[in-house]
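Following: one structure in structure tokens, then a few remarks.
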Protein chains: 2
Amino acid sequence: MSEPTQEPQRLRVVVADDQAAVREPLAAVLGLSEDIDVVAAAADGSEVLTAVAAGPVDVVLMDLRMPVMDGIETTRRLGEDYPDVAVVVLTTFADDDSILGALGAGARGYLTKNAGRQDITRAIRAAAAGQSVLDREVQDRLLATVRTKAPEQKQTLPGNLTPREREVFTLIGQGLPNRGIAEKLFVSEATVKTHINNLFAKAGIRDRADAVRRAIEAGLA
Amino acid sequence: MSEPTQEPQRLRVVVADDQAAVREPLAAVLGLSEDIDVVAAAADGSEVLTAVAAGPVDVVLMDLRMPVMDGIETTRRLGEDYPDVAVVVLTTFADDDSILGALGAGARGYLTKNAGRQDITRAIRAAAAGQSVLDREVQDRLLATVRTKAPEQKQTLPGNLTPREREVFTLIGQGLPNRGIAEKLFVSEATVKTHINNLFAKAGIRDRADAVRRAIEAGLA
DNA sequence: CCTCGATTCCACCCGTGGGTCCAGGTGCTG
DNA sequence: CAGCACCTGGACCCACGGGTGGAATCGAGG
């Protein structure tokens with residue numbers, strides 16, 4: 001801990017955007033920062049790869065919508081071949097697929113195009129230092145995705161379930177028929193049906209199919 | 001877009017940590033930055049709230065483990081009463097519960113204590129500007145949580161399914177009974193059963209329960 | 001033209017699932 | 001001890017699910 005964290009030399013940055021009207025001014029304005037060197041400007045993903053292969057690069061500022069090879073795929077390949085190169089995404093699109101795709105591919109930052117020069121330079125420096133900078137709305141979306149999908153929610157189940165009922169519920173979620181559940185628990189099938197009826201009533205479950213979905217959502221399966 | 005984003009005046013920061021041995025040096029070292037004013041140092045969550053109530057505060061640098069009121073609960077209350085105050089978490093713990101709890105409570109940054117001074121000041125500035133800075137490992141964990149739940153793989157299905165069969169399959173995954181599926185597709189229940197039997201044979205599905213699991217895994221539900 | 005795959009439908013059978021009611025046994029707690 | 005919650009089991013009923021076989025229409029393609 002408490003490593004120096006200073007970047008004594010200037011950060012070597014590649015700017016990637018298919019629109020020259022965006023790419024050129026962006027590269028110019030970034031070069032104004034005394035600690036940033038824009039070493040290349042790329043119009044598509046393959047140009048990014050050649051630029052990175054050509055010389056040492058610290059950070060790639062990447063647009064997502066590009067011809068030939070899009071930003072996500074480019075990010076993925078960079079992560080495989082040049083894991084030390086940090087990718088910061090700068091795009092107009094902030095939909096879930098783009099965000100999850102880019103971050104999942106290894107991007108270390110995600111900015112939308114209403115970010116200012118300060119925001120962009122800060123994100124570049126953070127990415128070079130191993131941190132990750134996200135736009136506020138991007139973080140909100142990311143969290144919303146997590147919350148709906150993974151909040152380890154046993155809260156979606158009414159807590160009144162008895163241990164045995166929960167156990168039966170888990171086995172239903174694994175797709176076992178009543179007889180299979182009975183054998184696994186060393187009880188009669190009638191008992192299993194009783195438990196199922198009780199827990200269905202408590203949890204407001206209609207179907208066995210419904211039960212499977214709920215069990216998976218609840219993280220029991 | 002392209003707002004000024006400059007913070008002309010110095011950032012007013014509250015440092016919160018129950019250990020004086022951490023809190024004091026941290027406050028001192030942050031004050032060295034010419035754009036940061038440490039306006040208060042708090043030893044627990046309630047001290048943070050009084051400090052924020054007392055004067056205008058831009059950013060709270062918050063430890064999670066604190067007596068009286070922990071960092072997550074404090075963050076939550078700040079979000080309710082002072083939505084303009086940004087919270088940056090600085091803690092030794094990087095487990096999923098802490099991360100999701102803090103970010104879910106509204107924290108705009110999450111650093112572990114191996115972050116250097118540069119990293120911390122950068123995160124403070126980013127948070128004040130509406131961005132969010134995460135440690136690399138924190139982002140990785142966050143993404144891992146997302147990925148286990150939303151991996152969008154349709155490869156688990158044999159490709160031989162006809163469009164209609166895939167459609168029926170999706171509806172099964174949503175827990176609909178055959179009659180419901182029939183109504184939704186404007187066909188008879190017999191037709192639905194035929195499709196189901198065919199796709200069950202093709203995909204090697206035994207049960208309806210099994211089908212629900214497979215549909216969810218395949219990202220169709 | 002004729003075949004083949006896809007889609008649509010019907011009839012039949014029967015196993016399982018789901019609902020209801022009831023009841024004996026255990027163990028904890030007021 | 002009396003009550004309560006839980007687990008266990010049985011009996012009954014009926015709807016839905018799943019399997020089989022057959023059949024019609026239609027469009028694409030040999």
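Here is how names work: the chains are called A, B, and so on, in the same order as the sequence lines, proteins then strands, and each is numbered from 1. Because only heavy atoms are used, hydrogens play no part in the values below, and waters and symmetry mates are left out as well, while side chains stay in.
For DNA chain D, no neighbouring residue in residues 180-187 of chain B is found when judged by any heavy atom under 4.0 Å.
A side chain to side chain donor-acceptor pair (under 3.5 Å) check over residues 56-69 of chain B, counting only residues at least two apart or in different chains, returns the pairs R12(B)-D58(B). For the side chain to side chain donor-acceptor pair (under 3.5 Å) condition, the pairs that include at least one residue of residues 38-53 of chain B, sequence neighbours left out, are D44(B)-S46(B).
Direction change of the helix axis from one end of the helix from dT3(C)-dA28(D) to dG30(C)-dC1(D) to the other is 40°, with five pairs defining each end axis (rounded to 10°).
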note = Given protein heavy atoms under 4.0 Å, the one-letter contact record of nucleotides 12-19 of chain D, with B base, S sugar-phosphate only and - none, is simply ----SBBB

request  = Produce a footprint string for nucleotides 22-29 of chain D: one letter per nucleotide, 5' end first; B if the base is under 4.0 Å from any protein heavy atom, S if only the sugar-phosphate is, - if neither.
outcome  = --------

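OP1 or OP2 of dG9(D) lies within a sub-4.0 Å distance of a side-chain N or O belonging to S188(A). Distances shown here put a side-chain N or O of T191(B) below 4.0 Å from the OP1 or OP2 atom of dC9(C). Here T162(A) reaches the OP1 or OP2 of dC7(D): one of its side-chain N or O atoms lies under 4.0 Å away.
Using a 4.0 Å cut-off between charged nitrogen and carboxylate oxygen, R164(B) and E167(B) count as a salt-bridge pair.
Counting heavy atoms from C-beta on, the side chains of L100(A) and L142(A) come closer than 4.5 Å. Residues V60(A) and T74(A) fail the side-chain proximity criterion, which asks for heavy atoms closer than 4.5 Å.
Atoms NE2 (H195(A)) and P (dA5(D)) sit 16 Å apart, rounded to a whole Å. Between E167(A) atom CD and dC6(D) atom P there is a gap of 15 Å when expressed in whole angstrom units. In this structure, N198(A) atom CG and dC21(C) atom C1' are separated by 12 Å, rounded to whole Å.
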